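Only a predicted model underlies this, so the values are computations on that prediction, with no experimental measurement involved.
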Amino acid sequence: MKKSLSFLFAFALCCALAACGGGRNTGGSLPPPTAETQPAEPPAGSRPWKTPDDAAFADGSDGPGAEGKAEAGDGILIAYFTYGENAPLGDGVDASTSASIQYRGDELTGNTGLVADMIADATGGELFSILTAEQYPDSYGDTVEAGQAERRAGARPELASHLDSLDGYGTVFLGFPNWWGDMPMAVYSFLDEYDLSGKTIVPFVTSGGSGFSGTMQAIEQAEPDAEVLEGLSIRDSRSIRAEDDVAEWLARIGLAG
């Protein structure tokens with residue numbers, strides 16, 4: 001009887017050990033992932049995560065989680081102020097009557113607008129026209145006088161165009177004409193509205209020959225925590241054929257497309 005009981009006990013113990021062993025993955029691999037264990041898809045609109053196919057990690061570098069997304073703020077913005085887009089100029093206006101009015105296709109712009117287009121074509125950047133809520137006179141001579149009065153008063157014209165955010169841009173080209181040795185006051189309004197700290201500012205100016213005057217220093221003072229690169233100065237008379245100047249400048253500062 002005792003022998004029978006010992007045999008039955010030993011048999012039951014063997015069965016229990018076999019059941020436990022069968023629950024292990026003896027091949028050393030992990031079980032197939034379930035819906036709970038699979039990684040979530042990246043959010044819509046974000047950049048895809050790196051995979052081992054994109055980079056090798058045998059050198060000890062961090063895996064896919066550490067550098068999963070490209071850094072934000074690598075976009076390029078070309079913000080500019082130009083007379084032809086800030087005055088009530090009628091359709092079919094003769095651009096030859098003013099050195100500051102130019103056509104961009106069928107749309108009126110100015111010298112600075114033309115150069116902004118060239119920069120956008122060369123870099124793939126996004127254009128943003130700085131527009132004032134109150135337009136300037138349709139006479140360029142009257143506009144120059146209005147600009148001088150604004151400068152004397154230290155005015156900050158209200159803007160009609162706005163950006164939702166600058167977070168996606170790491171480089172901001174800033175273009176303007178030289179008005180009385182300074183930027184138009186609307187450009188100061190733009191710099192007051194947006195914090196460009198940590199970004200790279202790349203100025204460009206169109207003028208009758210005065211170049212930047214003291215505007216580079218004014219930009220540095222307005223945005224002390226931004227990096228200001230070498231700017232480009234274009235004479236008004238050369239703005240319609242400034243592609244080579246723009247290309248050489250962009251290559252020199254390392255921003256050629």
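- Side-chain contact check for P203 versus V228: some heavy-atom pair is nearer than 4.5 Å.
- Taking the side chain as every heavy atom from C-beta outward, L131 and N86 approach each other to under 4.5 Å.
- The line from OG1 of T132 to CZ of R156 is 14.5 Å long, rounded to the nearest 0.5 Å.
- Note that the OG1 atom of T112 and the CZ atom of F176 stand 8.5 Å from one another [nearest 0.5 Å].
- Residues Y194 and V172 fail the side-chain proximity criterion, which asks for heavy atoms closer than 4.5 Å.
- Closest of all the heavy-atom pairs between E85 and T109 is OE2-OG1, 2.7 Å.
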Subject >> Candidate pair L174 and L191, rule side chain to side chain contact (heavy atoms under 4.5 Å, CB included), full reasoning >> reply: CA-CA 10 Å; L174 185 63; L191 293 173; 3.9 Å; yes
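- Nearest approach of S197 to E223, heavy atoms of both residues: N-OE1, 4.0 Å.
- Under a 3.5 Å cut-off, the side chain of D142 and the backbone N or O of D138 do not form any donor-acceptor pair.
- Looking at every heavy atom in both residues, R238 comes nearest to D245 through NE-OD2, 2.6 Å.
- Side-chain N or O atoms of T206 include none that pairs as donor or acceptor with a backbone N or O of D236 at under 3.5 Å.
- Under the 4.5 Å side-chain heavy-atom criterion for Ile, Leu, Val, Met, Phe, Trp and Tyr, V115 and Y83 are members of distinct hydrophobic clusters.
- Side chains of F204 and I234 form no contact here, defined as non-hydrogen atoms less than 4.5 Å apart.
- In this structure, M183 and I219 have side chains that are in contact, with non-hydrogen atoms separated by less than 4.5 Å.
- No side-chain heavy atom of L229 sits under 4.5 Å from any side-chain heavy atom of W249.
- Going from atom CD of E193 over to atom CG of L163 covers 8.0 Å, rounded to the nearest 0.5 Å.
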Subject >> Evaluation steps, side chain to side chain contact (heavy atoms under 4.5 Å, CB included), between V187 and T215 >> reply: CA-CA 11 Å; V187 179; T215 57; over 6 Å; no
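- Taking hydrophobic clusters as Ile, Leu, Val, Met, Phe, Trp and Tyr residues chained together by side-chain heavy-atom distances below 4.5 Å, I76 shares a cluster with V246.
- Two different hydrophobic clusters hold L127 and L77 under the rule that ILVMFWY side chains link at heavy-atom gaps under 4.5 Å.
- Taken from CE in M185 to CH2 in W180, the straight-line distance is 13.0 Å, to the nearest 0.5 Å.
- For E230, the CD atom counts as densely surrounded, since its 6.0 Å shell holds more than 12 non-hydrogen atoms of other residues, nucleotides or ligands.
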**OP:** For the pair Y188 and D182, evaluate side chain to side chain contact (heavy atoms under 4.5 Å, CB included) and give the outcome as yes or no after the intermediate values.
**Re:** CA-CA 10 Å; Y188 284 97; D182 204 347; 2.7 Å; yes
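- Scored by the ring-ring contact (aromatic ring centres under 6.0 Å, His included) test, F212 finds no partners at all (sequence neighbours excluded).
- Closest approach of P177 and V205 over heavy atoms only: C-CG2, 4.1 Å.
- To the nearest 0.5 Å, the span separating CE on M216 from CD1 on I201 amounts to 9.5 Å.
- With rounding to the nearest 0.5 Å, the separation of CG in L108 from CG in L89 is 5.5 Å.
- N178 pairs in a side-chain hydrogen bond (donor to acceptor under 3.5 Å, both in side chains) with only one of the listed residues (S233, S210, S213), which is S213.
- The shortest heavy-atom contact between D195 and L166 is O-CD1, 4.5 Å.
- Across all non-hydrogen atoms, the minimal contact from P157 to S189 is O-OG, 2.8 Å.
- Residues F173 and L255 are in side-chain contact: their nearest non-hydrogen atoms beyond the backbone lie under 4.5 Å apart.
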Subject >> Working for side chain to side chain contact (heavy atoms under 4.5 Å, CB included), residues I78 and T123 >> reply: CA-CA 10 Å; I78 302 107; T123 63; 4.1 Å; yes
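- Under a hydrophobic clustering in which Ile, Leu, Val, Met, Phe, Trp and Tyr are joined whenever their side-chain heavy atoms come within less than 4.5 Å, directly or via other members, L250 and M118 fall into the same cluster.
- In the hydrophobic clustering of this structure, Y80 does not group with I240; members are Ile, Leu, Val, Met, Phe, Trp, Tyr whose side-chain heavy atoms approach within less than 4.5 Å, directly or through other members.
- A 4.5 Å side-chain heavy-atom check between F81 and W179 finds at least one atom pair inside the cut-off.
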